[in-house]
Amino acid sequence: GAVVSQHPSWVICKSGTSVKIECRSLDFQATTMFWYRQFPKQSLMLMATSNEGSKATYEQGVEKDKFLINHASLTLSTLTVTSAHPEDSSFYICSGKTRSDTQYFGPGTRLTVL
Amino acid sequence: GESVGLHLPTLSVQEGDNSIINCAYSNSASDYFIWYKQESGKGPQFIIDIRSNMDKRQGQRVTVLLNKTVKHLSLQIAATQPGDSAVYFCAEMFDGGATNKLIFGTGTLLAVQP
């Protein structure tokens with residue numbers, strides 16, 4: 001199957017700082033990438049849909065100015081958590097969509113904000 | 001404050017037994033369904049999918065059943081092995097406008113006893 005990577009896999013930062021997470025499709029072109037957030041023992045919650053070369057579409061309740069998404073190429077999308085606070089600590093997962101509707105997920109990034 | 005909803009439903013089975021994991025989906029307009037397996041600290045891994053024009057699909061050791069009348073999906077795992085221990089999510093896809101969205105269910109923790 002197609003491979004999606006994320007970097008970093010784990011990050012700890014101080015409250016008030018910004019953190020960038022990268023999502024790459026390694027062996028396919030993803031015109032659409034998705035960003036999810038997952039709290040412990042809970043399901044994945046869709047945050048935003050990112051189409052290459054256009055602005056991301058955010059789900060209701062997700063602050064676009066806090067979670068900046070850039071999808072500059074067919075293989076790379078980035079999520080920047082700006083002015084992070086402890087409540088932003090979570091597991092962030094991206095996925096890339098192939099030409100069919102199949103989504104391939106990255107391994108996730110664990111963010112801990114102190 | 002007190003948190004709610006932090007306890008995943010758990011299915012405990014003996015190694016070698018068959019497992020059945022159930023899922024109720026929400027949107028009658030959903031036309032594509034996927035089962036994912038998520039191991040601790042990792043991203044979701046595709047297991048099997050089914051489209052709404054089918055009611056059963058089989059893979060290797062896994063079978064997915066779809067009952068559109070009651071909006072119910074199930075995943076059957078034959079001869080369950082310790083390596084099957086994980087959280088299993090069903091996901092439904094429906095037309096989200098420009099891009100189809102994947103919405104995840106709450107998840108079930110499968111614990112395989114040796």
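Proteins get letters first, then strands, A, B, ... in listed order; numbering begins at 1 in each.
In this structure, CD1 in A/Ile93 is found 7.5 Å from CZ in B/Phe104, a value given to the nearest 0.5 Å. Between B/Ile103 atom CD1 and A/Glu59 atom CD the span is 6.0 Å, to the nearest 0.5 Å. Atom CE of B/Met93 is separated from atom NZ of A/Lys97 by 7.0 Å, given to the nearest 0.5 angstrom.
One hydrophobic cluster, built from ILVMFWY side chains closer than 4.5 Å, cannot hold both A/Met33 and A/Val4; they sit in different ones. When hydrophobic clusters are built by joining Ile, Leu, Val, Met, Phe, Trp and Tyr residues whose side-chain heavy atoms come closer than 4.5 Å, directly or via intermediates, B/Leu11 is grouped together with B/Val64. Put simply, A/Phe34 and A/Leu68 are part of two different groups of oily side chains (I, L, V, M, F, W, Y) that touch within less than 4.5 Å, one to the next. Side-chain heavy atoms closer than 4.5 Å link hydrophobic residues (I, L, V, M, F, W, Y) into clusters, and following such links, possibly through other members, connects B/Tyr36 to B/Leu8. When hydrophobic clusters are built by joining Ile, Leu, Val, Met, Phe, Trp and Tyr residues whose side-chain heavy atoms come closer than 4.5 Å, directly or via intermediates, A/Val11 is not grouped with A/Phe91.
Only the side chain of A/Gln38 comes within contact range of chain B, judged by heavy atoms closer than 4.5 Å. At a 4.5 Å heavy-atom cutoff, the contact between A/Leu46 and chain B is made by side-chain atoms alone. Neither the backbone nor the side chain of A/Phe39 comes within contact range of chain B; no heavy atoms are under 4.5 Å apart.
Annotation for B/Gln60: atom CD does not count as buried by contact number, only 12 or fewer foreign heavy atoms lying within 6.0 Å. A/His7 NE2: 12 or fewer foreign heavy atoms inside a 6.0 Å radius.
Of the listed residues (B/Val87, B/Leu102, B/Ile34), the one with the most heavy-atom contacts under 4.5 Å to chain A is B/Leu102.
Panel note: side chain A/Ser43, backbone B/Gly107; no donor-acceptor pair is recorded below 3.5 Å.
Centroid-to-centroid, the aromatic rings of A/Phe105 and B/Phe89 stay 6.0 Å apart or farther.
Contacts between residues 37-58 of chain B and chain A, counted as heavy-atom pairs separated by less than 4.5 Å, involve B/Gln38, B/Gly41, B/Lys42, B/Gly43, B/Pro44, B/Arg51. For residues 72-82 of chain A, heavy-atom neighbours of chain B at less than 4.5 Å comprise no residues at all.
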